[in-house]
Visitor: 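Have a look at this one before I ask anything.
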Amino acid sequence: MTIRTRVAPSPTGDPHLGTAYIALFNYCFAKQQGGEFVLRIEDTDQVRSTRESEQAIMDSLKWLGLNWDHGPDVGGEFGPYRQSERSDMYKKFAQQLVYEGKAFYCFATAEELDQMREEQMAEGLRPKYDGRGLNLSEDEIKANLEAGKPYVIRMKIPAEGSFKFNDYLRGEIEIPWENVDMQVLLKADGFPTYFLANVVDDHHMEISHIFRGEEWINSAPKLLKLYEDFGWQPPVLGHLPLLRNPDKSKLSKRKNPTSINYYKEMGFLPEALLNYLGRMGWSMPDEREKFTLDEMIEHFDMKRVSLGGPIFDIDKLNWLNGLWIRENLSDEELMARFFDWKFNPELLAKVLPQAKTRINTLSDLVDLAGHFVAGTPEYDPALLTAGKAEEDVVREALQIFIWELEALRTWEKSEIFAIAKAVATHFELKIKDFLEPIFVAITGKTSSTSVVDAMEILGSDMSRARLRVALNHIGVSKKQAKKLEKAYKAYQAQ
């Protein structure tokens, strides 16, 4: 049997460190045994999925050196490798399960299901689908289908007992069926949910082992039961520990930058970042901290993974990156890395038109446009609230601006400015006054080149990271955080 693993990201946002972490361990497991690694794009979320996000994910994994044997760009015998291009297959299998009595139609509306959950919570119960679709007679189902009433297809779950499975890393795990919901397999729009598409694809792509994050443990019964319902041999399943912040909370962009692109733009070496991810919950037999991808593959043993949540410490990553620069790069190689990173014609072509009208000597460019190649600008935090807006207004407006930018699908100057204008209007601020703290956050100065142009050139990851740093400078208490969430709901409702 060919050992075959995969990574299957959803192209709905920035390329995440967690994706690279999971990809790395699956990659090393397969390659250590002469197997194959698959990249599959799970784009069944038609509202949030974008080709731009898909390309960013592929570019970031390639930058790290994680190349796949099968995927949307390289092809392979198990294609297509985008789920959106396999939709007819999922419908067929969902209907098969209905025909065999292992799944059922549910015609409940979203409003009816919301009411069901509210009633359950009012009774102190955990919100869960109540199985109402199972109570419909064949005549009722037929009538609803003939009338064209929208429906979803749900899988049947045993009412009592428990499910046991052997986790590759954790041994036997038992989960009561009462804790497992009757999962939707096919949505009303005809697209599959993660569970159905995942099982069908993994089976047809002959995936032998699946290593994923521990947050998916409770969904394992649904996943493995689908294999049983189809009569297919399930892959070996293992759950890796989650990456965590220094305070032990789950790694999140509110406490640590999580986009791979951020670390690329900051000037981290791909070898160092991959090395550091490899140290997350795993170690070389000789305990050395610095190693290459090839060395990790040579000595890799998934059983050596520690199940304690690995801490992602940027200071430690900085130290390791410095080792790679000093010990692995000649002066000529380091020069080449600088040119590839920022000091190249492509970036200068974007920056110089912004700076040309403001400089008298070439050396003026360093002070005027240094923020384009800086990491996180250093400045007096008092500058953020030194403008016309009160501190509470700056805090609230800045947070809403960040949240709106996180939902932005196309990172272009016009889109960024439109959001800035809308937030300024909401707070009854002139756009100039609203942009004062944004200027400081992005450039570290009170005046420089156009801040909106700078944000477009810097990109989404670096821009949002600098804005989050500014918000941290201002400070957000737990009480203020709740107030900000309410304010954002009011903003969205306007």
Side-chain angles (χ1 to χ4, degrees), residues 14-17 20 52 55-65 253 256-276 314-315 317-359 361-379 405 411-413 416 438-445 447-470:
D14 302 325
H16 199 280
L17 280 174
E52 290 80 10
Q55 190 62 52
I57 290 169
M58 293 197 292
D59 289 345
S60 65
L61 292 177
K62 287 178 180 177
W63 176 70
L64 286 169
K253 59 190 174 187
N256 256 330
T258 58
S259 171
I260 300 169
N261 285 340
Y262 168 82
Y263 294 91
K264 181 180 179 181
E265 294 302 315
M266 280 290 292
F268 287 94
L269 304 183
E271 302 97 321
L273 182 55
L274 202 64
N275 180 176
Y276 190 66
I314 291 184
D315 290 337
L317 173 58
N318 266 312
W319 168 81
L320 186 60
N321 198 67
L323 281 188
W324 273 90
I325 288 175
R326 290 186 291 276
E327 296 179 0
N328 289 74
L329 299 180
S330 67
D331 290 349
E332 292 76 14
E333 290 169 330
L334 183 56
M335 189 184 305
R337 295 293 182 108
F338 272 113
F339 288 144
D340 288 341
W341 173 58
K342 295 285 187 180
F343 302 106
N344 53 66
E346 290 76 18
L347 181 62
L348 279 174
K350 296 175 183 177
V351 172
L352 289 181
Q354 301 291 319
K356 189 175 180 180
T357 59
R358 299 168 182 259
I359 61 174
T361 66
L362 298 181
S363 60
D364 288 343
L365 184 67
V366 176
D367 185 58
L368 181 70
H371 55 276
F372 287 106
V373 295
T376 301
E378 294 188 8
Y379 51 84
L405 290 177
W411 194 260
E412 295 177 353
K413 175 183 175 180
I416 299 167
I438 309 301
F439 230 117
V440 175
I442 296 298
T443 70
K445 308 178 186 70
S447 65
S448 184
T449 60
S450 162
V451 68
V452 179
D453 283 293
M455 290 176 67
E456 182 182 50
I457 293 170
L458 285 167
S460 60
D461 305 292
M462 185 61 75
S463 296
R464 291 192 297 239
R466 291 183 182 183
L467 292 171
R468 292 189 198 104
V469 168

Visitor: Any donor and acceptor pair, going by atom type alone, linking the side chain of W411 with main-chain N or O of I457 inside 3.5 Å?
Guide: no
Visitor: Could you go through K264 and S60, starting from their C-alpha distance and side-chain angles, then the distance that decides it, and tell me whether this counts as side-chain contact (heavy atoms from CB on, under 4.5 Å)?
Guide: CA-CA 9 Å; K264 181 180 179 181; S60 65; over 6 Å; no
Visitor: One pair to check against side-chain hydrogen bond (donor to acceptor under 3.5 Å, both in side chains): D14 and S259. What are the steps and the verdict?
Guide: CA-CA 6 Å; D14 302 325; S259 171; 4.6 Å; no
Visitor: How many angstroms lie between atom CD1 of I57 and atom NE2 of H16, to the nearest 0.5 angstrom?
Guide: 11.0 Å
Visitor: Roughly how far apart are M455 CE and F439 CZ, rounded to 0.5 Å?
Guide: 11.5 Å
Visitor: Are I442 and I438 side-chain neighbours, meaning at least one heavy-atom pair lies under 4.5 Å?
Guide: yes
Visitor: For the residue pair I359 and L365, what are the closest heavy atoms and their distance?
Guide: CG2-N, 4.1 Å
Visitor: I need the F268 CZ to W324 CH2 distance, nearest 0.5 Å.
Guide: 14.5 Å
Visitor: Does any N or O in the side chain of N321 come within less than 3.5 Å of the main-chain N or O of L273, such that one atom is a donor and the other an acceptor?
Guide: no
Visitor: May I ask you to decide if S460's main-chain N or O and Y262's side chain share a donor-acceptor pair within less than 3.5 Å?
Guide: no
Visitor: Could you tell me which residues satisfy side chain to side chain contact (heavy atoms under 4.5 Å, CB included) with S330, sequence neighbours excluded, listed by chain and number?
Guide: E332, E333
Visitor: Hey, what do you get for CZ (F339) to CG (L334), rounding to the nearest 0.5 Å?
Guide: 10.0 Å
Visitor: Under the 3.5 angstrom rule, does the side chain of T443 hit a backbone N or O of V440 as a donor-acceptor pair?
Guide: no
Visitor: Could you give the distance from CG (L320) to CG (L323), rounded to the nearest 0.5 Å?
Guide: 6.0 Å
Visitor: Are the charged groups of K413 and D453 less than 4.0 angstrom apart, N to O?
Guide: yes
Visitor: Walk me through whether L347 and V351 qualify under side-chain contact (heavy atoms from CB on, under 4.5 Å).
Guide: CA-CA 6 Å; L347 181 62; V351 172; 4.0 Å; yes
Visitor: Is it the case that the side chain of N261 and the backbone of D461 share a donor-acceptor pair, with hydrogens and angles ignored and the cut-off at 3.5 Å?
Guide: no
Visitor: Mark yes when over 12 heavy atoms from residues, nucleotides or ligands other than E378 sit less than 6.0 Å from its CD; otherwise mark no.
Guide: no
Visitor: Starting at OG of S448, measure out to CZ of R358 and round the result to the nearest 0.5 Å.
Guide: 6.5 Å
Visitor: Is the shortest side-chain N to carboxylate O distance from E271 to R337 below 4.0 Å?
Guide: yes
Visitor: Given 3.5 Å as the limit, does a donor-acceptor pair link the side chain of W341 with the main chain of E265, or not?
Guide: yes
Visitor: Donor-acceptor check, side chain of R466 to backbone of A441, threshold 3.5 angstrom: yes or no?
Guide: no
Visitor: Report the residue from T258, I260, L64 that forms a side-chain contact (heavy atoms from CB on, under 4.5 Å) with P15.
Guide: I260
Visitor: Whether E456 and K350 form a salt bridge (side-chain N of Lys/Arg under 4.0 Å from carboxylate O of Asp/Glu) is what I want to check.
Guide: no
Visitor: For D367, is there any backbone N or O sitting under 3.5 Å from a side-chain donor or acceptor partner on K445?
Guide: yes
Visitor: For L348, enumerate each residue passing the side chain to side chain contact (heavy atoms under 4.5 Å, CB included) test, keeping only those at least two apart in sequence or located in another chain.
Guide: L352
Visitor: Passes side-chain contact (heavy atoms from CB on, under 4.5 Å), H371 versus T449? Steps please.
Guide: CA-CA 10 Å; H371 55 276; T449 60; 3.6 Å; yes
